[in-house]
Q: 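Sharing a structure, written as structure tokens. Questions coming.
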Amino acid sequence: MFGKFFSRDYRYYVSQGDKFLAAERFADARTAFDDALEKMNSDKIDDAALVADIKGKMVLAGDRLGLTNLEEAEHAFQSGIASKAREHIHLVMQLAEDVTTREKAEILLRRIAEEEAGEPAAPPVHGCATCNGASPESVENSGISDEQLSSDDRFYLAIQTLPQELSLRYAGLGEEFAYAYLTAHGVDGEGALTLFHALNKTGESDIYHYEISLIYFRKGDLAHCEHHLQRAIELNGANPLCWLALAQLHADTGRFQEALKSLDHMVANRFLPDQAKSLQGDIYQSIGAVDKAIDCYTELLASPGAARIAAERLVPLLESQGRSDEAEFLFKKYLKGCC
């Protein structure tokens, strides 16, 4: 049962997207959910409710990315860098559907226009994409593309989805690393692998090993993937992404107790504890330990960043246990939409 859950069909990508959401890696979450939709389409999976749920999660991730870019736009504007502020505003409009975030971005754009032209700009158009008839696709395609941003900007935006301490470390690794990172997260995995290995020879780093492990994972070379994750942890046992990736790898290969042990370590040391607890719940659910899964997800309800994901897991579990009243309460509190 567990192998099927983590197989690379659409359910695998949905699971990855949920985990990225819980870890606040919103760009990765959008990519995973988009992959899930593509896989469902290619496999001719007809499940309108699931498609709607996935699209809703993509909207949530886009809104959070939009909010981050709005903050960066405001900072750039206050620093007198209007061009940078405009880039971030365009990303807000490309990513966010939340009406408040979009209106704030439009107001900021008006302020920039007024300052540059000395005259008022046109008032903003009110309404979110789902309420004014615009499709999610039109919102996503309305802004500037990655190709219109400089490499520095693309790298900076990409690493903002990482935990803050790691984001700062990534930013300080230099131009060669930034180029290798963008290459790895583009289309040239082999080229990136060569670049990361070269960097590692000049000065070994847990981050280099972690990025190398991701490339090997995508290639299906799980032995080399695990080798580099273990080495990364030897170099820096406080890198939470390495522990999480190792737990996921163990789960994917059926080594459930090893995965749970790594996740216990993460929770105890506050290494991405919400994401670790969520993966624990997934594992327990998949091996039939339903009560333990319910305990994991229930703990996550106290975390604002993970409560919705936890509720989505809990509702069907509670219903399967005959606890319909509790399931209905959670659905109304965490899952019922406003539109």
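Keep in mind that the numbers below use all heavy atoms, side chains included, and drop hydrogens, waters and symmetry copies.
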Q: So, taking the atom named OG1 in T68 and the one named CD in E24, what distance separates them when rounded to the nearest 0.5 Å?
A: 8.5 Å
Q: Does S167 use its side chain to pair, donor to acceptor, with the backbone of I159 at less than 3.5 Å?
A: yes
Q: For residues F256 and H250, determine if any side-chain heavy atom of one lies less than 4.5 Å from a side-chain heavy atom of the other.
A: no
Q: Looking only at atom types and distance, does a side-chain atom of W243 sit under 3.5 Å from a main-chain N or O of A238, one as donor and one as acceptor?
A: no
Q: Test of understanding: clusters of I, L, V, M, F, W, Y form through side-chain heavy atoms closer than 4.5 Å, transitively. Do Y208 and L168 belong to the same one?
A: no
Q: For atom CG of D43, decide whether the heavy atoms of other residues, nucleotides or ligands shown that lie under 6.0 angstrom number more than 12.
A: yes
Q: Taking the side chain as C-beta and beyond, is there a heavy-atom pair between H209 and L229 under 4.5 Å?
A: no
Q: Determine the minimum heavy-atom distance between A192 and I215, stating which atoms define it.
A: CB-CD1, 3.8 Å
Q: With side chains defined as the heavy atoms from C-beta onward, is the minimum distance between L301 and L314 less than 4.5 Å?
A: yes
Q: How are the rings of Y181 and Y170 set relative to one another: parallel (under 30°), tilted (30 to 60°) or perpendicular (over 60°)?
A: perpendicular
Q: Is there a donor-acceptor contact under 3.5 Å from the side chain of S79 to the main chain of I81?
A: no
Q: Do the side chains of K219 and E190 get close enough for a salt bridge, i.e. N-O under 4.0 angstrom?
A: yes
Q: Grab the two heavy atoms, one from P240 and one from L272, that are nearest each other, plus how far apart they are.
A: CB-CG, 3.8 Å
Q: Looking only at non-hydrogen atoms, find the nearest pair between V267 and P273 and report the distance.
A: CG2-O, 4.2 Å
Q: Which one of K292, Q285, Q280, E312 satisfies the side chain to side chain donor-acceptor pair (under 3.5 Å) criterion with Y297?
A: Q285
Q: Can you tell if the side chain of Y12 reaches within under 4.5 Å of the side chain of S15, non-hydrogen atoms only?
A: no
Q: Decide if atom OH of Y179 counts as having more than 12 heavy atoms of other residues, nucleotides or ligands within a radius under 6.0 Å.
A: no
Q: Taking R102 for its side chain and A96 for its backbone only, find out whether a donor-acceptor pair lies under 3.5 Å.
A: yes
Q: Using a strict threshold of under 4.0 Å (side-chain N to carboxylate O), is an ion pair present between K332 and E328?
A: yes
Q: If every non-hydrogen atom of R218 is compared with every non-hydrogen atom of A184, which pair is closest and at what distance?
A: NH2-O, 3.3 Å
Q: Could you tell me whether R231 and E204 have a side-chain N and a carboxylate O separated by less than 4.0 Å?
A: yes
Q: Rounded at 0.5 Å granularity, tell me how far CD in E211 sits from CG in D206.
A: 10.5 Å
Q: Between the side chains of K39 and D35, is the shortest nitrogen-to-carboxylate-oxygen separation below 4.0 Å, so that they form an ion pair?
A: no
Q: Heavy atoms, side chains only, cut-off 4.5 Å: are K277 and L263 in contact?
A: no
Q: When you group the ILVMFWY residues by side-chain heavy-atom contacts below 4.5 Å and let the links chain together, are M58 and F20 in the same group?
A: no
Q: Do you know which two heavy atoms are closest between C242 and A232, and how far apart they sit?
A: SG-CB, 3.6 Å
Q: Hydrophobic cluster membership, with links at side-chain heavy-atom distances under 4.5 Å among I/L/V/M/F/W/Y: are L235 and I207 in one?
A: no
Q: For A29 and A61, which heavy atoms make the closest approach, and how far apart are they?
A: CB-CB, 4.3 Å
Q: From N200 CG over to I212 CD1, what is the distance, rounded to the nearest 0.5 angstrom?
A: 4.5 Å
Q: Parallel, tilted or perpendicular: which fits the ring planes of F177 and F155, with parallel below 30° and perpendicular above 60°?
A: perpendicular
Q: Return yes when atom CD of E71 has more than 12 non-hydrogen atoms of other residues, nucleotides or ligands closer than 6.0 Å, and no otherwise.
A: yes
Q: Quick one: pull up CG in N41 and OH in Y10 and give me the separation to the nearest 0.5 Å.
A: 13.5 Å
Q: side-chain contact (heavy atoms from CB on, under 4.5 Å) for I233 and N239? Distances and angles first, verdict last.
A: CA-CA 7 Å; I233 289 173; N239 187 325; over 6 Å; no
Q: Counting C-beta onward and ignoring hydrogens, is there a side-chain heavy-atom pair between L279 and L244 closer than 4.5 Å?
A: yes
Q: Check the surroundings of atom NE2 in H197: do more than 12 heavy atoms from other residues, nucleotides or ligands lie under 6.0 Å from it?
A: yes
Q: Nearest 0.5 angstrom please: D221 CG to C225 SG, how far?
A: 8.0 Å
Q: Would L195 end up clustered with L173 when hydrophobic side chains under 4.5 Å apart are linked, directly or stepwise?
A: no
Q: Show the numbers, then the answer: is there a side-chain contact (heavy atoms from CB on, under 4.5 Å) between Q321 and I294?
A: CA-CA 10 Å; Q321 298 288 301; I294 289 175; 4.1 Å; yes
Q: Looking at S278 and Q275, would you say the former's side chain and the latter's main chain have a donor-acceptor pair under 3.5 Å?
A: no
Q: Applying salt bridge (charged side-chain N to carboxylate O under 4.0 Å, His left out) to E226 and R255, what does each step give before you reach the verdict?
A: CA-CA 13 Å; E226 182 168 357; R255 295 150 66 183; 2.9 Å; yes
Q: Quick one: are F26 and D63 in side-chain contact, heavy atoms under 4.5 Å?
A: no
Q: Please determine whether side-chain contact (heavy atoms from CB on, under 4.5 Å) holds for the pair H228 and Y210, giving the CA-CA distance in whole Å, both sets of side-chain angles, and the decisive distance to 0.1 Å.
A: CA-CA 7 Å; H228 285 281; Y210 172 74; over 6 Å; no
Q: Tell me which one of R308, R25, K57 satisfies salt bridge (charged side-chain N to carboxylate O under 4.0 Å, His left out) with D18.
A: K57
Q: Students often mix this up, so state it plainly: with edges at 30° and 60°, are the rings of H265 and F271 parallel, tilted or perpendicular?
A: perpendicular
Q: Can you list the steps and then say if Q248 with D252 is a side-chain contact (heavy atoms from CB on, under 4.5 Å)?
A: CA-CA 6 Å; Q248 181 70 66; D252 284 356; 2.9 Å; yes
Q: Check whether any side-chain heavy atom of D34 lies under 4.5 Å from a side-chain heavy atom of E38, and answer yes or no.
A: yes
Q: Rounded at 0.5 Å granularity, tell me how far CD1 in I89 sits from NZ in K104.
A: 13.5 Å
